[in-house]
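Shown next, in structure tokens, is the structure this report addresses.
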Amino acid sequence: MWFTPAPKIYPLKKKKMANNNHLFPVPCYNGTMLKQNYYNDFFDIDQQKINFSFFSFFELSLPDDDPVYTLKKVMEELDFSGLLACYSDKGRTGYNPIMLYSVVTYANMRGVRAVDRIVDLCQRDLAFIWLTKGQKPQRDAFYDFIGKKLTGEILDELNYQFMRRLQKEGLITLKELYVDGTKMEANANRYTFVWRGSINYHLAGLLDAIDGLYARYNAFLHENGYGPKYDLGEARMFVIEGMEKVRRVIEENRRRKLTKHKKISNNAIIEIDNCSPLEILRLQKNLERIAQGEGIPFVSGKGRHKPELQKLYEELEECGRRLMDYKECFEIMGKDRNSYSKTDLEATFMRMKEDHMLNGQLKPAYNVQIAVENHFIVHSYVSSDRTDYNTLIPVLEKHQGAFGDILEAVTADSGYCSEKNLVYLKENGISSYIKLQDHEKRKTRAYKEDIGKYYNMACGIFEDERYYICHDGRELRHIRTESRGQDGYTQTLEVYGCADCSGCGHRSRCLYQYNAEKNPDRNKVMKINERWEELKEGSHGNIQSETGILKRQTRSIQTEGHFGDIKENGDFRRFNYRSAEKVYKEFMLYAISRNIMKYHRFLHHEIEKYEGKKEQKAA
């Protein structure tokens, strides 16, 4: 047999390399150090490329258009004093916090959010090795940095610094915002839901049981004469406001179950503060006192019969424990939501668009809001609220606190249209381009021909008092003014009514659910929130204008485009962390990374500012 001789191998000369643990010593930073010192220490002049010179036949380098260079350019002008203030100058030197922040931000720019994956990239990826200067931070360093050192306020401040830079470069003006929200699934376990309606149902049964125990307690004292002997008074059942409404709903749902009708929600807010387990504990102390005085032992075990006093004591103890559990559930839930998850107490069960089982299943989620201008996320806000009504004002307050009173216009969809929001915009001199809930309905013929609505009636003023004229020519005069509180906000309603509607041939069309047999003498009465109607007409006029049409186009493209890209291309549909604070930090890191990527694409002329189609007609 013939063998091919092996080629002669000449070993390469190896250069001496220091231990990885001593390659790049990083000093400890605090908030008092000068900005240029810690930047110069972190960003070296020769850090532009990585050349592995010990491979004489091969040279590796990063491409010139890599986003990591844009990240470096952005970070060189940021003030990290807030982040550095979280570190102490005592103890052993740790990793540079600016380096950790840059690594986490660049990882999010690459669509990587898992810490284990970031640790792996710091050892294998050229850009990460360039950022870390060859250091290899492990998962505990990243978890400590993200969980303890990095806060939502620090991330907001770093993002606002970047926004001011974009303002100077003319990419944004900070004078207009396009707001939208989406629901993102929380990192909560399955079937860990707690519902307000379920707690109300079981609480009603528990209160009935406690009422029965109080009656047994009083009968026990009266029959044995323990009341006068130990100077004990009778137990009185406490009253909880709102329970009567809960009981009425329970009875109504029982009747609906028999007739196979849909149940109604039992989410009434009750005043649980009046329900104190201390009263039950006081009765237990009284029973212990009687047991000691009368020599009645508490027994346990198989075949041993418990005395009546012990049975009463243990039942009171169980009811007190359940009462404490229900009270804790109500405190966690608060008055603004009707559910929460046991494994993420701040997550609320919401109806998601991704319904794989097609049964309308609710999932624990957070309501994520973004305010965008020219593709850049200026603000983000994470809420446990299922709707968008109460999320607009916190976003606008963040904008005012960060940049002052420079906001001129806000564009949002109909989910943000409420009297409270429109009043806030008017009081702060901000133009409203918010779509109304009945925007599409206003285009229909049925809306314009509904003779029972005030907007299809003639209006007049007599002696400084407004009145309406119905389709039959009769006057509806002002009767009274009513006030109604809703979510901490007071609405004012003006009530108008017709003195006599007898003989009118339009009553069936004008009166709501009119029945001539049951209510033959019923007259027309309508309630109008005049301030709310005025604000709606102003906002509707704005969105119908040429500027409003352009702003609506821009909002749908930029804000909804962000969420579509985040969920589909970025595969970011579920949070990795629990609690609202950690969820906000996770999303804010992702938002900052998206802003830097957008800035990188602007620098390389990959995207331009959207101008819209101004000639398009109103939709």
Open item on the list: Quick check: closest heavy atoms across Ile434 and Ser539, and the distance to 0.1 Å?
Closed with: O-OG, 2.7 Å
Open item on the list: Check this for me: Lys342, atom NZ, are more than 12 non-hydrogen atoms of other residues, nucleotides or ligands nearer than 6.0 Å?
Closed with: no
May I have the list of side-chain donor-acceptor pairs in residues 403-417 shorter than 3.5 Å, sequence neighbours left out?
| from | atom 1 | to | atom 2 | distance (Å) |
| --- | --- | --- | --- | --- |
| Asp405 | OD1 | Gln400 | NE2 | 2.6 |
| Asp413 | OD1 | Gly415 | N | 3.2 |
| Tyr416 | OH | Gly181 | N | 3.1 |
| Tyr416 | OH | Gln369 | OE1 | 2.3 |

Task: Sub-4.5 Å side-chain heavy-atom contact between Cys86 and Ile154 - done: yes
Open item on the list: To check you understand the geometry: which heavy-atom pair defines the closest contact between Pro67 and Tyr106, and what is its length?
Closed with: C-CE1, 4.2 Å
Open item on the list: For the backbone of Lys363 and the side chain of Glu185, can you confirm whether one donor and one acceptor N or O come within less than 3.5 Å of each other?
Closed with: no
Open item on the list: Atom CZ of residue position Arg139 - does it have more than 12 heavy atoms of other residues, nucleotides or ligands inside 6.0 Å?
Closed with: no
TODO: Answer yes or no: does atom NZ of Lys426 have more than 12 heavy-atom neighbours from other residues, nucleotides or ligands under 6.0 Å?
DONE: no
TODO: List the steps, then state whether side chain to side chain contact (heavy atoms under 4.5 Å, CB included) holds for Leu83 with Leu150.
DONE: CA-CA 7 Å; Leu83 175 60; Leu150 203 61; 4.1 Å; yes
Task: salt_bridge(Glu560, Arg555) N-O dist < 4.0 Å - done: yes
Open item on the list: Assess, by modelled atom type and distance only, whether the side chains of Asn187 and Arg574 contain a donor and an acceptor separated by less than 3.5 Å.
Closed with: yes
- [ ] State plainly whether the residues Arg573 and Glu568 are in salt-bridge range, i.e. N to O under 4.0 Å.
- [x] yes
TODO: Would you mind telling me which of Asn421, Asn367, Thr182 makes a side-chain hydrogen bond (donor to acceptor under 3.5 Å, both in side chains) with Asp388?
DONE: Asn367
Open item on the list: Quick one: does any side-chain atom of His562 pair with a main-chain N or O of His375 as donor and acceptor, under 3.5 Å?
Closed with: yes
Task: Presence of salt bridge, Arg531 and Glu427, under 4.0 angstrom - done: no
Task: Sub-4.5 Å side-chain heavy-atom contact between Met99 and Met75 - done: no
- [ ] Calculate, to the nearest 0.5 Å, the distance between atoms OG1 and CZ belonging to Thr343 and Arg190 respectively.
- [x] 12.5 Å
- [ ] Could you tell me whether the side chain of Arg196 and the main chain of Arg337 form a donor-acceptor pair under 3.5 Å?
- [x] yes
- [ ] Kindly say whether Val104 contributes a backbone atom to a donor-acceptor pair with the side chain of Asn108 at under 3.5 angstrom?
- [x] yes
Task: Nearest atoms (heavy-atom pairs only) where Leu100 meets Ala141 - done: CD1-O, 4.4 Å
Report, one line per pair, each donor and acceptor closer than 3.5 Å where one atom sits in a side chain of residues 597-607; sequence neighbours left out.
| from | atom 1 | to | atom 2 | distance (Å) |
| --- | --- | --- | --- | --- |
| Tyr599 | OH | Arg165 | NH2 | 3.2 |
| Tyr599 | OH | Glu169 | OE1 | 3.0 |
| Tyr599 | OH | Glu169 | OE2 | 2.9 |
| His600 | ND1 | Thr70 | OG1 | 2.7 |
| His600 | NE2 | Asp65 | O | 3.2 |
| Arg601 | NE | Glu606 | OE1 | 3.4 |
| His604 | ND1 | His600 | O | 2.9 |

TODO: Please say whether more than 12 non-hydrogen atoms of neighbouring residues, nucleotides or ligands are located less than 6.0 Å from CD in Glu328.
DONE: no
Task: Any donor-acceptor pair under 3.5 Å from Glu346 side chain to Ser579 backbone - done: no
- [ ] Report the C-alpha distance between Tyr424 and Glu397 in whole Å, list the side-chain angles of each, state the deciding distance to 0.1 Å, and finish with yes or no for side chain to side chain contact (heavy atoms under 4.5 Å, CB included).
- [x] CA-CA 10 Å; Tyr424 179 88; Glu397 289 177 345; 3.5 Å; yes
TODO: To the nearest 0.5 angstrom, please state how far the CG atom of Asn159 sits from the CE atom of Met588.
DONE: 3.5 Å
Open item on the list: Taking NZ in Lys582 as the centre, count heavy atoms belonging to other residues, nucleotides or ligands within less than 6.0 Å. Is the count above 12?
Closed with: no
Task: Pairwise distance CG(Leu171) to CG(Asn374) - rounded to 0.5 angstrom - done: 6.5 Å
- [ ] Starting at CG of Leu589, measure out to CZ of Arg113 and round the result to the nearest 0.5 Å.
- [x] 11.0 Å
TODO: For residues Tyr584 and Ser380, report the shortest heavy-atom separation together with the two atoms involved.
DONE: CE1-O, 3.3 Å
Task: Under 3.5 Å: donor-acceptor pair, side chain of Lys435, backbone of Ile543 - done: no
Open item on the list: Closer than 4.0 angstrom, basic N to acidic O: yes or no for Glu440 and Lys443?
Closed with: yes
Task: Minimum heavy-atom distance between Leu155 and Ile592, given as atom pair plus value - done: O-CD1, 3.7 Å
Task: Where Met350 and Arg386 come nearest, the two heavy atoms and their spacing - done: CG-CG, 3.9 Å
TODO: Answer yes or no on whether Lys420 is positioned over the face of Tyr389, meaning its NZ or CZ is under 6.0 Å from the six-membered ring centre and within 45° of the axis.
DONE: no
Task: Given Tyr191, Phe193, Tyr340, the one that forms ring-ring contact (aromatic ring centres under 6.0 Å, His included) with Phe349 - done: Phe193
Open item on the list: Quick check on side-chain contact (heavy atoms from CB on, under 4.5 Å): which of Leu422, Leu425, Leu177 does Ile430 satisfy it with?
Closed with: Leu425
Task: Spacing of Met184 atom CE and Phe575 atom CZ [to the nearest 0.5 Å] - done: 4.5 Å
